[in-house]
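The structure under discussion appears below in the form of structure tokens.
In what follows, every heavy atom counts, from backbone to side chain, and hydrogens, waters and symmetry copies are set aside. For ligands, and for the atoms within them, numbers begin at 1 and follow the listed sequence. Position 1 is the first residue of the sequence, and the numbers go up from there.
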Amino acid sequence: MRASTLVRAEQSPQTPERAAFRADVIEGLSASPKQLAPKYFYDEAGSRLFDLICRLPEYYPTRTELGVLKAHAGDIAALAGPGASLVEFGSGSSVKVRLLLDALERPAAYVPIDISGPHMRAAVAALARDYPTVAMTPVEGDFTRPLELPHLGEGGRRIGFFPGSTIGNFTPAEAEAFLTHARQSLGAGAALVLGFDLPKERAVLEAAYDDHQGVTAAFNLNLLTRINRELGADFDLAAFHHRALYNEAESRIEMHLESRAAQTVRLDGARFTFAPGETIHTENSYKYAVARLMGMAQAAGWRQAALWTDPRGWFAVAVLEAV
Ligand code: SAH
Ligand code: AVI
């Protein structure tokens, strides 16, 4: 089989998701500055790399949030009440939800939502073996778009779960819109357990997003591998360099892929030229002060029922209730 035939074979089938990916990549590489949406990091390789990131010594958010959740799982269970249903936005490997499932009184259902379908389904299959009495209905999809949630029974409370500081990967306007839509889709009487990363020293932040082993660099560069494989582009990975910098004025870590030289990349009939040092902006990770995020939550129709941080004040978990 010739190489060109192979490329075409990998590009099929032309699903609506693949067509949207192609359109977004062409639009993002045509923009100035060039940009790509972070939701596209998560193909199967990207999801595996994210799991490795969570175990890195420099990447404090996962273990810090796990500490806060462990300390307050009982408080969350008391707020949720018996027979609650959990809906996790961006469930990944469904690790943190185990703390809640262990603490809740007779949890009824778990609905993980994730764009990375095969990775989510493998995680949920393992979870279902450990929690056989909890009804599990995974939903593969983009949580920034209207999604049909499965019917969740009427018995217990609906609890949204949005950990990991994934809210920080939205712009502030997108984050507020997400909080509004989450409240509407969870419905009256719902609560939302929201984990978010707090502003801190530049050195700590930049190390967390540019680790010594180069795992975060591989995660960032995997986006180009994915575009080559799924869309037939010809990115030369060796010609791009991972960059992570703290933009203090915007209170966000930015990840970029920086072109090492003048070069042209082809995708379909289009050609995208790069100057040396020019970047593709691939991710923002906002670090919100508590007051700012609680202001956004309030504007989105939520009130703060509880809020905890770790002893260093690096990461916060809030429980919000629909007003
Ligand atoms: N909740 C887990 C995983 C966080 S990583 C934790 O806290 O550890 C972010 C997860 O969100 C990934 O699994 C990714 O696939 C998913 N994700 C990112 N953007 C998404 C989108 N727009 N729609 C649905 N899932 C998304
Ligand atoms: C999923 N998200 C909250 C991670 C973050 O920290 O913004 C993604 C990530 N990017 C680089 N490292 C981790």
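Here the protein heavy atom with the shortest distance to atom 13 (O) of ligand 1 is Asp114 OD2, 2.7 Å. Scanning the protein heavy atoms around atom 10 (N) of ligand 2, the nearest turns out to be Glu283 OE1, 2.7 Å. Shortest contact from atom 26 (C) of ligand 1 to any protein heavy atom: Phe143 CE2, 3.4 Å. Atom 3 (C) of ligand 1 has its closest protein heavy atom at Gly90 O, 3.4 Å. With hydrogens left out, the protein atom closest to atom 24 (C) of ligand 1 is Gly141 O, 3.1 Å, a heavy atom. Counting only heavy atoms of the protein, atom 2 (N) of ligand 2 lies nearest to Asn169 OD1, 2.9 Å. In terms of protein heavy-atom proximity, atom 7 (O) of ligand 2 is closest to Ser285 OG, 2.6 Å.
No option in Leu29, Val265, Val25, Leu223 other than Leu29 meets the side chain to side chain contact (heavy atoms under 4.5 Å, CB included) test with Ile280.
Here's the thing with Lys39: none of its N/O atoms is less than 3.5 angstrom from an N/O atom of ligand 1. Backbone and side-chain nitrogen or oxygen atoms of Phe89 are examined, and none is located within less than 3.5 angstrom of a nitrogen or oxygen of ligand 1. The distance criterion of under 3.5 Å between nitrogen or oxygen atoms is met by Ile115 with respect to ligand 1.
Under a 4.0 Å criterion applied to the non-hydrogen atoms of Gly92, ligand 1 contributes the atoms 13 (O). Residue Ser165 approaches ligand 2 through these ligand atoms, each under 4.0 Å from one of its heavy atoms: 3 (C). Which parts of ligand 2 touch Gly164 is read off a 4.0 Å heavy-atom cut-off, strictly below it: atoms 3 (C). Near Ser116, with a cut-off below 4.0 Å to any heavy atom, the atoms of ligand 1 are 15 (O). The atoms of ligand 1 that sit less than 4.0 Å from any heavy atom of Gly164 are 7 (O).
Remark: distances from the non-hydrogen atoms of Ser165 to ligand 1 are all 4.0 Å or more. Using a 4.0 angstrom heavy-atom cutoff, Phe196 does not count as in contact with ligand 2. Look at Gly168 and you'll find every heavy atom at least 4.0 Å from all atoms of ligand 2. At a 4.0 Å cut-off, not a single heavy atom of Ser47 sits close enough to ligand 1 to count as contact.
Remark: Arg226 qualifies as a cation-pi partner of Phe21 under the 6.0 Å distance and 45° angle criteria applied to the six-membered ring. Taking the ring axis of Phe274 as reference, the NZ or CZ atom of Lys34 stays within 45° of it and closer than 6.0 Å to the ring centre.
Glu248 CD: 12 or fewer foreign heavy atoms inside a 6.0 Å radius. Within a 6.0 Å sphere centred on CD of Glu27, other residues, nucleotides and ligands contribute 12 heavy atoms or fewer.
Among Lys96, Glu65, Arg145, the residue whose heavy atom lies nearest to atom 6 (C) of ligand 1 is Lys96. Heavy-atom proximity to atom 13 (C) of ligand 2, evaluated over Phe41, Tyr59, Tyr42, is greatest for Tyr59. Counting only non-hydrogen atoms, the option in Thr166, Asp142, Leu147 that gets closest to atom 22 (N) of ligand 1 is Asp142.
Taken to the nearest 0.5 Å, the CD atom of Glu88 stands 11.0 Å off from the CE atom of Met120. Put simply, CD on Glu206 and CD on Glu201 are 11.0 Å apart, with the number rounded to the nearest 0.5 Å.
Asp142 and Thr144 form a side-chain donor-acceptor contact under 3.5 Å, judged by distance and modelled atom types alone. For the 3.5 Å distance criterion, the side chains of Lys287 and Tyr246 fail to qualify, holding no donor opposite an acceptor. For the residue pair Asp310/Thr64, the side-chain donor-acceptor check at 3.5 Å is not satisfied.
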**Asked** What do the steps show when you test Tyr288 against Phe196 for ring-ring contact (aromatic ring centres under 6.0 Å, His included), and what is the final call?
**Response** CA-CA 7 Å; Tyr288 288 112; Phe196 58 101; 7.4 Å; no
**Message:** Evaluate Tyr110 against Ser94 for side chain to side chain donor-acceptor pair (under 3.5 Å), listing each step before the verdict.
**Reply:** CA-CA 10 Å; Tyr110 175 52; Ser94 290; 2.9 Å; yes
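Across all non-hydrogen atoms, the minimal contact from Gly90 to Asp114 is C-OD2, 3.3 Å.
Contacts with ligand 1 closer than 4.0 Å are made by side-chain heavy atoms of Tyr42 only, the backbone lying farther away. Residue contacts with ligand 1, taken as heavy atom pairs separated by less than 4.0 Å, involve Phe50 solely via side-chain atoms from C-beta onward. With a 4.0 Å heavy-atom cut-off, ligand 1 is reached by no atom of Met120. With a 4.0 Å cut-off on non-hydrogen atoms, His119 does not touch ligand 1 at all.
Phe50 and Phe219 have tilted rings, their planes meeting at an angle from 30° to 60° on a 0 to 90° scale.
Contacts classified as salt bridge (Lys or Arg N to Asp or Glu O under 4.0 Å) and involving residues 162-171 (residues at least two apart or in different chains) are not found.
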